[in-house]
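To start, the structure under review is shown below, and the notes come after it.
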Number of protein chains: 2
Amino acid sequence: MKFRRSRQRESILELLRSTKTHPTASWIYDKLKIEFPRLSLGTVYRNLNILTQQGLINKIDCGSTFDRYEARNHPHYHFICEQCGSIFDLNTPVMKNLNNRVSELENITIKRHMIEFFGLCEKCKK
Amino acid sequence: MKFRRSRQRESILELLRSTKTHPTASWIYDKLKIEFPRLSLGTVYRNLNILTQQGLINKIDCGSTFDRYEARNHPHYHFICEQCGSIFDLNTPVMKNLNNRVSELENITIKRHMIEFFGLCEKCKK
DNA sequence: GTTCATGCAAATCGTTTGCACAATG
DNA sequence: CATTGTGCAAACGATTTGCATGAAC
């Protein structure tokens, strides 16, 4: 796939680079509506996908478009297969002191954390 | 809010407790359709929300129903405010050896990981 | 018998897509 | 001029909700 330049896409990238927040598509749409009065949300989504493909921006996701549930038993981390999307519980011990360590470093109060590890599961590795 | 018991809700909890997978609502729906032929997806969703409220199950999420984007610069972790949903980049150094450590422990190949810390941000703390 | 839960269908919301036209190289 | 990007509107898929009926306490 070959990409051409477009003023819309360049403005989206510029806008994302200029902010420390983690915008949603509609936030971007609202901002750029001033520069491009005829802009459509579809264009924003299309360009966000292209920029992600190009590795110029990151989409913050958990590896699934579905809500997923689990019966709470004990704290644990997750391993998510990048190919098939399966989620596995890990036995790796939870870092209990991590919240406190980071709280001190950042000067905020952290109550909990989640870690997702990504890679290929047994089946997809073959 | 007061909750009554319902056979549907109890079966959903039982099902979630009996599996090591991380089911979606429709997977649960399919399984329970045998026991409750008139079951509706709405009921599954309602009960999943109630069970989550009661703390009996976990919903695996990243703190946002919107896709969020950021311009990639350097690896970092995220802090997410449990109240307002804001996402902040942390300066805490990334644990480069974590992938390898966990890979050895679990005997799988981990390529990357994400950490989200949760708590209350400056504004919401007040 | 009052309140909560259910089934059903319609509505909602974020995101994607088909199409005709405009912009890029 | 061949191809990619745009705006617009319709479609999509996961989740939620309104309503009349049924179950729980």
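Letters go in sequence order (proteins before strands), and every chain restarts at 1.
Checked against ring pair (Phe, Tyr, Trp, His ring centres under 6.0 Å), A/Y45 has no partners two or more places apart in sequence or in another chain. Every residue two or more places apart in sequence or in another chain that forms a salt bridge (Lys or Arg N to Asp or Glu O under 4.0 Å) with B/K111 is listed here: A/E82. The ring pair (Phe, Tyr, Trp, His ring centres under 6.0 Å) search around B/F117 returns A/H113, not counting sequence neighbours. A/H78 pairs by the ring pair (Phe, Tyr, Trp, His ring centres under 6.0 Å) definition with A/H76, B/H22, not counting sequence neighbours. Scored by the salt bridge (Lys or Arg N to Asp or Glu O under 4.0 Å) test, B/R5 finds B/E10 as partners (sequence neighbours excluded). Among residues two or more places apart in sequence or in another chain, the salt bridge (Lys or Arg N to Asp or Glu O under 4.0 Å) test is passed with B/K31 by none.
Applying a 4.0 Å cut-off to non-hydrogen atoms, the residues of residues 43-51 of chain B that approach DNA chain D are B/Y45, B/R46, B/N49, listed by residue number. Within a heavy-atom distance below 4.0 Å of DNA chain C, the residues of residues 25-42 of chain B found are B/R38, B/L39, B/S40.
For the pair B/F66 CZ and C/dC13 P, the computed distance is 10 Å after rounding to whole Å. Atom pair A/R4:CZ and D/dT4:C1' shows a separation of 4 Å (rounding to whole Å applied). What separates CZ of B/R5 from C1' of C/dT6 is a distance of 17 Å, to the nearest Å. Between the C1' atom of D/dA24 and the NZ atom of B/K2 lies a distance of 9 Å, rounded to the nearest Å. B/I60 places its CD1 atom 13 Å from the P atom of D/dT15, with the value rounded to the nearest Å. One can place CD of B/E10 at 11 Å from C1' of D/dA24, the figure rounded to the nearest angstrom. One interatomic measurement links the two molecules: CD of A/Q53 to C1' of C/dT16, which rounds to 14 Å at whole-angstrom precision.
When each of B/K59 and B/R7 is assigned the nucleotide of DNA chain D bearing its nearest heavy atom, the one mapping closer to the 5' terminus is B/K59.
Taking only side-chain nitrogens and oxygens, A/Q8 never comes nearer than 4.0 Å to OP1 or OP2 of C/dA23.
Counting Ile, Leu, Val, Met, Phe, Trp and Tyr side chains that sit under 4.5 Å apart, directly or through other members, A/F66 stands alone, with no cluster partners.
Heavy-atom contacts from other residues, nucleotides or ligands closer than 6.0 Å to CD of B/Q54 number more than 12. Other residues, nucleotides and ligands place more than 12 heavy atoms under 6.0 Å from the CG atom of A/N97.
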